[in-house]
There are 4 protein chains.
Amino acid sequence: MTTPLVKPRKTPAQARSAETVRVILEAAARILETRGLDGYTTNAVAELAGVSVGSLYQYFPGKDALTASLLDRETGIFLASMEYPDPVADSRAALDHLIGACVKHQLRRPELARILDFEEQRLPLRDQQEGLAARLTGTITEILTRLPVDTGEAPRVMAGDIFAMTRGIVDAAGERGETDEVRLRLRVARAVYGYLGLAQAR
Amino acid sequence: MTTPLVKPRKTPAQARSAETVRVILEAAARILETRGLDGYTTNAVAELAGVSVGSLYQYFPGKDALTASLLDRETGIFLASMEYPDPVADSRAALDHLIGACVKHQLRRPELARILDFEEQRLPLRDQQEGLAARLTGTITEILTRLPVDTGEAPRVMAGDIFAMTRGIVDAAGERGETDEVRLRLRVARAVYGYLGLAQAR
Amino acid sequence: MTTPLVKPRKTPAQARSAETVRVILEAAARILETRGLDGYTTNAVAELAGVSVGSLYQYFPGKDALTASLLDRETGIFLASMEYPDPVADSRAALDHLIGACVKHQLRRPELARILDFEEQRLPLRDQQEGLAARLTGTITEILTRLPVDTGEAPRVMAGDIFAMTRGIVDAAGERGETDEVRLRLRVARAVYGYLGLAQAR
Amino acid sequence: MTTPLVKPRKTPAQARSAETVRVILEAAARILETRGLDGYTTNAVAELAGVSVGSLYQYFPGKDALTASLLDRETGIFLASMEYPDPVADSRAALDHLIGACVKHQLRRPELARILDFEEQRLPLRDQQEGLAARLTGTITEILTRLPVDTGEAPRVMAGDIFAMTRGIVDAAGERGETDEVRLRLRVARAVYGYLGLAQAR
DNA sequence: AATGAATGAGTGTTCATTCAT
DNA sequence: AATGAATGAACACTCATTCAT
């Protein structure tokens, strides 16, 4: 028995499980994208994942839990892509970065995002602050307090609007099949800066 | 001269039955609002409507047809509320009117609107130009060509973005339970005019 | 008011009813022929007949009664076509005549005959001697007693077999779409006379 | 050298399930026999089989597939019983054997045979040569070409008639509740040989 | 008498979930 | 842990029959 060069962070058993979970989640994602909510059955997911339904239920207590996990995964991926340089130093850059991350995220798997957005509402209440919207809105709020914005609205309200309009524009673009990230980013930025009454960064 | 935007719809077979159709559609709407897509069964709709399933199927060839009819009804209501004074004379006013109509519409039955938006994608392809989005985008495009806008984007693209951001902001507001139409309208107008780079009609 | 040359056998009201009954029965027959047992619904029959379901139920207490009536009608048509010259004088001619009548009948509306044959079994017991088979078998039995047949079987048994084999051959021919009555008649005669051990009438 | 006539059939997925398939098919057969086409519902079949509807649908994609499978089973049983000694050496014996097999088959489960015969017409077209009738007629045709028969009809036509008259006689006997196989066989043989104009094997 | 809208029990079928192996 | 056959409640939809008009 050799010593692996890279030490596993989990025991083999756990690693195997983690891998299975990953495979199942990805299968769920693909089923949602290709067959929609109607074709999203536990049997279909298990089959595509190459595991038995029984196994699926070993890892997820039910279908909703699977959906919720997928939601968490997608949210996590987004949040990870959102780390940005010191917002205190340059709030404008931070806002631009955020917009860019949003665009990139929604353009990545637009149909999946659309369906998960919808399902989110139906799922058993999740911890506050857990959801993507809540976290993003919080971050935007922080940024706004450092910008010379004076619309007469509370920062939190503006943050909500910014998130919503960004999502609206990007979702619609995704549904139309747009893929030009740069151009889309420009348009979103125009909307956001316009809303805030700020001149756009050149 | 007003431009009527209500499209003529096929009249239900009989005079008496028109009422039954109306009752069934409203029941469907309420089931969707209160029980979501999961609770939206033909039996539940029939029961709430106070008719038998058989009757429901006498008026609608299937569940999807019922959903589509409901979608038509909601779209029709919206389009009817969209009649506006001569857009040629005052494009800005026309745009304001449109924004107002959107806000009012989405605030009317937010959950219903949300679910129907979602279902629309799954429904058998409908006539182009039939959908609300298509019609609205067309109208907005027309208005934009008369405004001193220079963003470098095609009017149709801008129209799409305007519709999408409006919908995004208003949907999110609806989901949060906001009901203040005036205030919401102000925020949407800020976003739209900001996006277009126009000073807001004071 | 003039006196009609041909006096109606029923009062106008009855005549009108009789006509309606006729129309409904024919509609039922056509539905069975073209859409099979699956498409044979009271609504379909009423529609094709040009009357309301309500009317149908005014004339027939239920679906099975309609089917039974149709069966009676078809049987009656056959029996009427079966009248033949004195069987005592020439039994062979009588038998030939019978065979001809059978062939003609089953070739007339083969699919209808096939389905009614099947449905007959399911229908509430009918009066003995009522059915076509019973009547025909009786007639054949009578004829056989006058022919120099000696197969060791009782006439009634032979009559049953003759009817059954005739029906078998003609039904199969009908299903295959054969329409040559003369040729079919020859083949049936061959089978019948062969079974009886009689030389065929030239 | 015997000519096997059993056609190979697709084997059910698993070893264990073969038994379940068998049980379901037998339940379907019994329901058809005892309750007729009307009582033949998937739920009734499943219940009598002692399995859940879900299981039934695991093995058969739909009700028609179940019926078709039953048809295949019955056909297979018959064909298996039809293996006969070299028809070239003794065509008469082969024909007798065939008649015997037919009689035995139709007498085995007459009501089931009757209903399946009827349903066969309605089922989605099956492969040519697949059906019992086609196979049997083919075999009879072969035999006839080796017999000194001269009726002026093509062998295939005669084969069809022979099959049809045999089925007619035996079905009728079955419906009447006859069970004496030997006697029935004698009568069928009389009809067949008489039709062919051959003296009967004593 | 005639209509046809209304009824609702009953049908075929699906799918989340369980559990014996 | 893993399997996948088994379960059965629930769904969309049909159609014989009724009954207010």
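From a predicted model like this one, the values you see are computed outputs, not experimental measurements. Side chains are part of it too, since the values below use all heavy atoms of this structure and drop only hydrogens, waters and symmetry mates. By convention in this document, chain letters (A, B, ...) are assigned in the order of the sequence lines, proteins followed by strands, and residues within each chain are numbered from 1.
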Worksheet item: Is B:S55 touching bases, backbone alone, or none of the nucleic acid, heavy atoms closer than 4.0 Å?
Response: base

Worksheet item: In terms of side-chain heavy atoms, does A:Y59 have a donor or acceptor partner in A:S69 at a distance below 3.5 Å?
Response: no

Discussion item. So, does D:Y59 get its side chain near the phosphate of F:dA6, meaning an N or O under 4.0 Å from OP1 or OP2?
Written reply: yes

Worksheet item: Under a 4.0 Å N-O cut-off, is there an ion pair linking A:R22 with A:E19?
Response: yes

Discussion item. Which nucleotide wins on minimum distance to the side chain of A:S17, given the candidates E:dG4, E:dG8, F:dA1?
Written reply: F:dA1

Worksheet item: Any idea which of E:dG8, F:dC11, F:dA16 is nearest the C:N43 side chain?
Response: F:dA16

Discussion item. Just N and O in the side chain of C:T41: are any of them under 4.0 Å from OP1 or OP2 of F:dT14?
Written reply: no

Worksheet entry | Exam field: side chain B:S52 to backbone B:S55, donor-acceptor pair closer than 3.5 Å | yes

Worksheet item: Just checking D:V53: base, sugar-phosphate only, or nothing, at a heavy-atom cut-off of under 4.0 Å?
Response: base

Practice prompt. Would you kindly give the CD1-to-C1' distance between C:I24 and E:dT3, to the nearest whole Å?
Written response: 13 Å

Worksheet item: When you look at CZ of A:R30, are more than 12 heavy atoms from neighbouring residues, nucleotides or ligands closer to it than 6.0 Å?
Response: no

Item to complete: Take B:G50 and D:K63, find for each the nucleotide of DNA chain E with the closest heavy atom, and name the residue whose nucleotide sits nearer the 5' end.
Response: B:G50

Response to the item:
The residue, D:Y40 or C:V51, whose nearest nucleotide of DNA chain E is more 5′ is C:V51

Fill in: Of C:D38 and B:D38, the one whose closest DNA chain F nucleotide lies more 5'
B:D38

Fill in: Charged N-O contact under 4.0 Å between A:E120 and B:R114
no

Discussion item. Between P on F:dC15 and CG on B:L56, what's the gap in Å once rounded to a whole number?
Written reply: 16 Å

Worksheet item: Which base sits across from E:dA20 as a Watson-Crick or G-U pair, both distances under 3.5 Å?
Response: F:dT3

Worksheet item: Any Lys/Arg nitrogen of A:R109 or A:E26 sitting under 4.0 Å from an Asp/Glu carboxylate oxygen of the other?
Response: yes

Worksheet item: For D:E47, does the CD atom have more than 12 heavy-atom neighbours from other residues, nucleotides or ligands under 6.0 Å away?
Response: no

Worksheet, complete the sentence: When rounded to whole Å, the CD to P distance for the pair C:E19 and E:dA2 reads 13 Å

Worksheet item: How close do B:A27 and B:V45 get, heavy atom to heavy atom, and via which atoms?
Response: CB-O, 3.6 Å

Worksheet item: With sugar-phosphate meaning primed atoms plus P, OP1 and OP2, does A:F60 contact a base, only sugar-phosphate, or nothing at under 4.0 Å between heavy atoms?
Response: nothing

Practice prompt. Under 4.0 Å from any atom of DNA chain F, heavy atoms only: list the residues of residues 30-37 of chain C that qualify, in numerical order.
Written response: none

Worksheet item: So which nucleotide does E:dA9 pair with, by the Watson-Crick or G-U wobble rule with both distances under 3.5 Å?
Response: F:dT14

Worksheet item: When you measure from the side chain of A:Q58, which nucleotide among F:dT3, F:dA5, E:dA16 comes out closest?
Response: F:dT3

Worksheet item: Would you say B:Y57 reaches E:dG8's phosphate, i.e. side-chain N/O to OP1/OP2 under 4.0 Å?
Response: no

Fill in: Nucleotide nearest D:S52 when distance is taken to its side chain, options F:dC13, F:dG8, E:dT3
F:dG8

Item to complete: May I ask you to say what C:T42 touches in the nucleic acid, namely base, sugar-phosphate or nothing, with a heavy-atom cut-off under 4.0 Å?
Response: base

